[in-house]
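These notes are about the structure you will find just below.
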Amino acid sequence: MKIKVFLWLLLMDILNTKDLLQRKHFNTQGVTCNICNLTTTEDYIHLFFSCPFAQQCWNCIGINWDLTLEFMNMIMTARRLFPQPFFMEVLGIGCWNIWNRRNDHIFNNVPINFSKWKLDFKEDFTRHMHRVKASDKPSWQSWINIIS
């Protein structure tokens, strides 16, 4: 349930990225992305889709984002191109784990680590598999097994 709520916050652009906090007049000590250290504003598009770390995560699981499209069109295009019926689950779990890596980095000074993201993604996906119909589990399992 927490991932569904998180995904809803993301899709509504009300997740507390640095950009949103600045728009709400909070002191964020700058709005640039802490993950990639580029001079790019940390908004939800950058953080979850265009940041080099996010791109590495999505490439690992076979999702490519067309960043030239409007946000919802970008999501729908990626969904159409994703070869499995569980795209929204993959999107939610992928973004959730990017968010967790970002927060560990900002609040606990933990270095950004792609291997940790991948391990957490696989664990969350496997945990989520326990909630799907028995007839769907083989396709979920074979997909997650491919991710190296």
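For the single chain, residues carry numbers from 1 onward in sequence order.
- For the pair Trp99 (side chain) and Phe6 (backbone), a donor-acceptor distance under 3.5 Å is absent.
- The side chain to side chain contact (heavy atoms under 4.5 Å, CB included) test applied to Ser50 returns His46, Leu67, not counting sequence neighbours.
- When atom types are taken as modelled, the side chain of Trp58 and the backbone of Phe48 share a donor-acceptor pair closer than 3.5 angstrom.
- Using a distance-only test at 3.5 Å, with no hydrogens or angles considered, no donor-acceptor pair links the side chain of Thr77 to the main chain of Met74.
- The main-chain N or O of Leu69 is never found under 3.5 Å from a side-chain atom of Asn73 such that the two would form a donor-acceptor pair.
- Interatomic distance, Trp96 CH2 to Ile3 CD1, rounded to the nearest 0.5 Å: 6.5 Å.
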Taking it one step at a time, do Thr41 and Thr32 satisfy side chain to side chain contact (heavy atoms under 4.5 Å, CB included)? CA-CA 4 Å; Thr41 299; Thr32 57; 5.9 Å; no
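- One distance of note links CD1 of Ile112 with CD1 of Ile35; it measures 4.5 Å at 0.5 Å rounding.
- In this structure, Phe125 has its ring center closer than 6.0 angstrom to the ring center of Phe86.
- With sequence neighbours left out, the side chain to side chain contact (heavy atoms under 4.5 Å, CB included) criterion links Asp104 to Arg101, Asn108, Val110.
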Using the side-chain hydrogen bond (donor to acceptor under 3.5 Å, both in side chains) rule, take Asn59 and Gln55 through it: C-alpha gap first, then chi angles, then the decisive distance, then the call. CA-CA 6 Å; Asn59 288 338; Gln55 289 285 315; 4.6 Å; no
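- Residue pairs meeting the salt bridge (charged side-chain N to carboxylate O under 4.0 Å, His left out) criterion with at least one member in residues 54-69: none, sequence neighbours excluded.
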Before giving the answer on side chain to side chain contact (heavy atoms under 4.5 Å, CB included), spell out for Asn100 and Trp117 the whole-Å C-alpha distance, their side-chain angles and the decisive distance to 0.1 Å. CA-CA 8 Å; Asn100 288 334; Trp117 176 88; over 6 Å; no
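- Between the CD atom in Gln84 and the OG atom in Ser142 there is a gap of 6.5 Å [rounded to 0.5 Å].
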Please lay out, stage by stage, how Cys95 and Phe49 fare under the test side chain to side chain contact (heavy atoms under 4.5 Å, CB included). CA-CA 9 Å; Cys95 288; Phe49 304 103; 4.3 Å; yes
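- The distance from atom CZ of Arg79 to atom CE of Met72, rounded to the nearest 0.5 Å, is 9.5 Å.
- For Ile14, the side chain to side chain contact (heavy atoms under 4.5 Å, CB included) criterion is met by Trp8, Leu9, Met12, not counting sequence neighbours.
- Each of Lys118, Lys122, Lys116 was scored for a side chain to side chain contact (heavy atoms under 4.5 Å, CB included) with Asp120, with one residue passing: Lys116.
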For the pair Val31 and Glu42, evaluate side chain to side chain contact (heavy atoms under 4.5 Å, CB included) and give the outcome as yes or no after the intermediate values. CA-CA 6 Å; Val31 293; Glu42 185 200 81; 5.9 Å; no
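- Atom NZ of Lys4 is surrounded by 12 or fewer heavy atoms from other residues, nucleotides or ligands within 6.0 Å.
- The closest donor-acceptor contact from the side chain of His128 to the backbone of Glu89 lies at 3.5 Å or more, if one exists at all.
- Members clustered with Ile106: Phe107, by chain and number, using a 4.5 Å side-chain heavy-atom cutoff among hydrophobic residues.
- Under the side chain to side chain contact (heavy atoms under 4.5 Å, CB included) criterion, Leu7 pairs with Leu10, Leu11, Met88, Leu91, sequence neighbours left out.
- Between the side chain of Gln56 and the main chain of Phe114, no donor-acceptor pair closer than 3.5 Å is present.
- Taking the six-membered ring wherever Trp is involved, the centroid distance between the rings of Trp65 and Phe71 does not fall below 6.0 Å.
- Between the side chain of Asp136 and the main chain of Val132, no donor-acceptor pair closer than 3.5 Å is present.
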